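On a predicted model such as this, the values are computed, not experimentally measured, just so you know. Heavy atoms only: backbone and side chains are in, while hydrogens, waters and symmetry mates are out. Every number for a ligand or one of its atoms is a count from 1 in the order of the listing.
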Amino acid sequence: MQEEQKKLSLEPYKGTRDFYPEEMFVQNYIFSKMRAVVQRYGYVEYAASILEETALYHAKSGEEIINEQTYSFTDRGGRDVTIRPEMTPTVARMVARKRKELAFPLRWYSIPNLFRYERPQRGRLREHWQLNVDMFGAEGVEADAEVVAIASDIMKAFGASEKNFEVRINSRVLVNFLLREQLGLSPDDAHKISKLIDRKAKMPDDEFRVQAQAITGERMAELMDFLEAGTLQNFSKQLADHKSSRDLGRVITSLQERGVTNVVFSPALMRGFDYYTGTVFEVFDVSPLNNRSLFGGGRYDDLVGIFGVDKVPGVGFGMGDVTMRDYLETYKLLPKYKSSTHIYLCRLDDEQIPFIEELANYLRQQGINTGIDYSGRKLATQIKTAERQGIPYIICVGEEEARTRVFKLKNLATHEEKNVKLEDLPATMSHNILTPKV
Ligand code: HAM
């Protein structure tokens with residue numbers, strides 16, 4: 001018996017999005033702001049395939065992402081393949097591959113789409129785009145401060161005010177010094193406790209204490225003193241004198257000198273990935289309605305070395321489009337949709353078609369994006385189409401316009417009309433395109 005054909009779903013695959021022109025407009029807006037800021041700091045763009053050999057992620061990403069969140073499969077040739085869940089292993093591979101030819105320090109950026117098998121929820125999807133900004137071959141606090149300053153500058157370029165977000169910062173070296181040297185934990189216990197600290201904000205306080213106590217025993221109080229320190233100045237002398245806390249202090253000072261004043265030392269900030277080796281940071285929305293991490297990054301000095309080449313230090317961050325879009329919506333910082341089509345040509349009857357084509361070509365040559373209505377529907381319907389598509393201007397061409405070559409240029413947002421001669425159209429239009437009265 002033939003199976004009844006299942007109706008095809010209209011929905012995109014779970015946790016992914018369709019980008020209709022309005023959403024694409026927002027996406028392009030977000031990307032263009034990101035690009036403008038990073039290019040201003042001297043970063044250049046790179047890209048790679050979404051497919052990588054699975055082994056790449058086993059080397060150093062962190063267990064959760066590999067065991068639970070990757071889209072992995074075996075290809076027809078028997079290779080284990082993974083759709084990239086993040087860009088850092090790929091860029092580290094690319095740097096290692098041309099280690100000898102590249103002129104360090106590198107300042108690189110990319111805006112890849114990434115796939116993670118997560119439970120879709122606010123701010124978390126299965127496919128997202130992520131601006132990756134990374135510097136390779138530079139050690140020292142100035143490089144750390146630069147990438148954090150870029151992160152902050154992007155927020156400001158979107159119109160965010162410093163009082164509406166916060167940069168939380170910590171140091172893995174400092175935490176490791178505390179756990180290994182001060183508390184005397186074994187490497188295994190230190191790793192376990194850092195994973196626990198990473199989850200601290202998401203669990204009840206009592207539960208954290210019980211689990212932490214089981215690992216740290218009588219040194220529990222020292223761990224809590226550290227986590228509740230508030231500022232670097234509250235540390236014990238031994239901790240305060242350690243190079244890692246002095247370095248972190250210098251990163252914070254350098255940021256303040258660069259005009260980034262909303263930086264907060266956050267001793268419980270770990271960031272999940274195992275490859276981070278130094279400064280780690282995360283940008284938070286501080287609104288009580290949307291109090292969440294927006295994006296983050298840190299220093300990873302050992303990742304390039306896993307490919308068997310000399311070590312190349314790296315530092316950078318990943319800024320996701322989903323959390324960013326939510327943030328911009330919350331603070332009403334998204335621009336209103338505007339079509340990239342500048343003008344729509346409507347016609348009264350078919351006889352004007354050759355003239356309209358000629359007019360359209362002329363306008364296009366002048367850099368004006370021009371669409372033509374071929375529908376043959378009523379004029380009012382043609383105009384409605386332009387309005388609904390967000391096209392700012394129309395010209396209706398009838399026998400008289402074709403003859404006199406004078407047109408009524410209509411601004412659909414303001415309903416203003418202006419008589420313009422053919423040869424004056426480009427100047428009038430480009431002025432209007434640059435300063436639309438919308
Ligand atoms: P991550 O913290 O896993 O770091 O991701 C960075 C940002 O990407 C997140 O803070 C969030 O904005 C966005 N993001 C991650 N997963 C999702 C998701 N499922 N849905 C929506 N947005 C998401 C990294 O990926 C590091 N590789 C970043 C990095 C670059 N570190 C140094 N360089």
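Taking 4.0 Å as the cut-off between side-chain N and carboxylate O, Glu23 and Arg17 do not count as a salt-bridged pair.
For ligand 1 and Val322, the ligand atoms under 4.0 Å from any heavy atom of the residue are 21 (C). Residue contact check: Glu86 has heavy atoms under 4.0 Å from atoms 25 (O), 26 (C), 27 (N) of ligand 1. Listed by number with element, the atoms of ligand 1 under 4.0 Å from a non-hydrogen atom of Phe273 are 1 (P), 3 (O), 4 (O), 24 (C), 25 (O), 26 (C). When each atom of ligand 1 is checked for a heavy atom of Phe295 under 4.0 Å away, the hits are 10 (O), 12 (O). For ligand 1, the atoms sitting less than 4.0 Å from at least one non-hydrogen atom of Leu294 are 10 (O), 11 (C), 12 (O), numbered in the order shown with element in parentheses. When each atom of ligand 1 is checked for a heavy atom of Leu125 under 4.0 Å away, the hits are 18 (C), 19 (N), 20 (N), 21 (C). Atoms of ligand 1 found under 4.0 Å from any heavy atom of Tyr276, numbered from 1 in the order shown, are 26 (C), 28 (C), 29 (C), 31 (N), 32 (C). The atoms of ligand 1 that sit less than 4.0 Å from any heavy atom of Gly123 are 20 (N), 21 (C), 22 (N).
Considering each of Ser110, Gly316, Gly318, Pro85, the one bringing a non-hydrogen atom nearest atom 32 (C) of ligand 1 is Gly316. Nearest-residue assignment for atom 1 (P) of ligand 1 (options Arg271, Gln121, Met87, Arg325; heavy-atom criterion): Arg271.
Ligand 1 has a nitrogen or oxygen under 3.5 angstrom from a nitrogen or oxygen of Gly320. Distances between N or O atoms of Ser293 and those of ligand 1 include no value under 3.5 Å. Checked by distance only, ligand 1 and Thr323 come closer than 3.5 Å through their nitrogen or oxygen atoms. An N or O contact shorter than 3.5 Å links Asp134 to ligand 1 by distance.
For Tyr275, every heavy-atom contact with ligand 1 shorter than 4.0 Å involves the side chain, none the backbone. Proximity of His128 to ligand 1, defined as any heavy-atom pair under 4.0 Å, is confined to the side chain (atoms from C-beta onward). When non-hydrogen atoms are compared, ligand 1 lies under 4.0 Å from neither the backbone nor the side chain of Phe115.
Contact of the Asn262 side chain with the Val260 side chain is registered, since non-hydrogen atoms from C-beta on lie closer than 4.5 Å. Within the 4.5 Å cutoff, no side-chain heavy atoms of Thr341 are placed close to those of Thr370.
Here Tyr29 and Phe25 keep their ring centres 6.0 angstrom or further from each other. In this structure, Tyr300 has its ring center no closer than 6.0 Å to that of Phe273. For Phe104 and Phe136, the gap between ring centers reaches or exceeds 6.0 Å.
A cation-pi geometry, defined here as NZ or CZ lying under 6.0 Å from the six-membered ring centre and within 45° of its normal, holds between Lys200 and Phe208. Seen from the ring of Phe284, Arg168 counts as a face-on cation partner, given the 6.0 Å and 45° thresholds. A cation-pi arrangement is found for Arg126 relative to Tyr117, the charged atom lying closer than 6.0 Å to the ring centre and inside a 45° cone about the ring normal.
Judged by the shortest distance from any of its heavy atoms, Gly272 lies outside the 4.0 Å radius around the atoms of ligand 1. Contact analysis leaves Tyr327 out of contact with ligand 1, as no non-hydrogen atom separation drops below 4.0 angstrom. Not a single heavy atom of Glu282 sits closer than 4.0 Å to an atom of ligand 1.
Within a 6.0 Å radius of CD in Glu218, no more than 12 heavy atoms belonging to other residues, nucleotides or ligands are found.
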Mind running side-chain hydrogen bond (donor to acceptor under 3.5 Å, both in side chains) on Thr279 and Ser171 for me, showing each step along the way?
CA-CA 4 Å; Thr279 302; Ser171 158; 5.8 Å; no
If you apply the rule ring-ring contact (aromatic ring centres under 6.0 Å, His included), what do you find for Tyr276 with Phe281, and how did you get there?
CA-CA 11 Å; Tyr276 290 118; Phe281 75 96; 9.0 Å; no
